[in-house]
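Step one of this worksheet: look at the structure below.
Predicted model, so just to flag it, every value in this text is computed and none were measured.
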Amino acid sequence: MHILNLLTILPVPPSGSPAEIAQNGLNFFGTWISRIGGIVAFIGAIKFALSLKSDDAKEQLQAILVMVSGFMIVSAIHDLSVFDIPSVYSDANANAEFNSILDFIGKWIRRVGALGSLIGAVTFGLSIKDNDAVGKINSLKTISAGGLAMAVSAILPTFAYM
């Protein structure tokens, strides 16, 4: 009878300096978090495609938010330098980090606003075709909300100099 040797199933302990081990761990988790973000974005895209058939604006918005959150996860993982914290924090480092985070947030708010305006324009065209007064009003509200989101993203840099 063969006795199972537990040492053969345990992983080999990592070797290298603590900084190398930490970097390897960050790379491993970064890769998998990025993959999960891609799956979330894919699920949001499928949900959005299915919600277009039902013409439910709330369902479409929820699908877009899921999709954008997945893209934000992937984007944040691919540019981890946005979240680097220096060992010595000076005013210049703090301002540079704050500005890079504002740029990241502003870019995604602008993208979501543009997508909202696009969806509003498409639904406005469809509501004109169907002569649906409530649909026209709701689509105009969606266009306005998208434009407002894009405008807010444009004024974000003003907070960097306060």
Side-chain angles (χ1 to χ4, degrees), residues 11 21-86 89 91-162:
I21 294 171
Q23 187 61 44
N24 289 340
L26 286 174
N27 291 341
F28 173 79
F29 286 113
T31 300
W32 280 100
I33 291 171
S34 178
R35 290 175 180 169
I36 291 169
I39 291 170
V40 168
F42 181 70
I43 290 170
I46 290 173
K47 185 175 175 142
F48 179 67
L50 294 174
S51 68
L52 286 176
K53 184 178 180 182
S54 68
D55 250 358
D56 185 11
K58 287 184 181 180
E59 208 173 297
Q60 292 170 354
L61 179 63
Q62 183 184 24
I64 289 170
L65 292 176
V66 169
M67 186 172 55
V68 168
S69 66
F71 287 137
M72 287 180 74
I73 291 169
V74 171
S75 178
I77 292 299
H78 284 284
D79 188 18
L80 288 176
S81 65
V82 170
F83 303 105
D84 282 346
I85 299 174
Y89 232 92
D91 287 342
N93 288 344
N95 287 335
E97 184 175 347
F98 184 71
N99 288 334
S100 66
I101 291 172
L102 275 182
D103 289 342
F104 176 78
I105 292 170
K107 177 173 42 173
W108 280 99
I109 290 174
R110 198 168 28 262
R111 289 176 179 173
V112 170
L115 186 60
S117 292
L118 176 68
I119 291 170
V122 169
T123 56
F124 184 70
L126 294 174
S127 62
I128 287 176
K129 177 187 73 89
D130 296 336
N131 201 17
D132 179 17
V134 174
K136 290 176 191 175
I137 292 170
N138 287 337
S139 61
L140 288 174
K141 287 179 182 178
T142 304
I143 293 171
S144 302
L148 184 61
M150 288 188 293
V152 166
S153 73
I155 65 167
L156 275 178
T158 60
F159 296 109
Y161 303 109
M162 293 182 88

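Here the shortest heavy-atom pairing between Met150 and Arg110 reads CG-O, 3.6 Å. The minimum heavy-atom distance between Ile33 and Ile73, with the atom names listed, is O-CG2, 3.6 Å. Shown here for Ser153 and Ile109, the closest heavy-atom pair between the two residues is CB-CG2, 3.7 Å. Of all heavy-atom pairs spanning Gly116 and Thr142, the tightest one is O-CG2, 3.3 Å. Phe104 and Met72 get closest at one heavy-atom pair: CZ-O, 3.9 Å. When all heavy atoms of Gly147 and Ser117 are compared, the pair lying nearest together is N-OG, 3.3 Å.
A distance-only check finds no donor-acceptor pair linking the side chain of Ser75 to the backbone of Phe71 [under 3.5 Å]. Distance alone, capped at 3.5 Å, places no donor-acceptor pair between the Ser34 side chain and the Thr31 backbone.
Rounding to the nearest 0.5 Å places NZ of Lys47 at 12.0 Å from CE of Met67. Taking CD1 of Ile36 as the start and CZ of Phe29 as the end, the distance is 10.5 Å to the nearest 0.5 Å. Atoms CG and OG, from Leu126 and Ser139 in turn, are 9.0 Å apart once rounded to the nearest 0.5 Å.
In this structure, the side chains of Leu115 and Leu118 come closer than 4.5 Å at one or more pairs of heavy atoms. Taking the side chain as every heavy atom from C-beta outward, Asn131 and Lys136 approach each other to under 4.5 Å.
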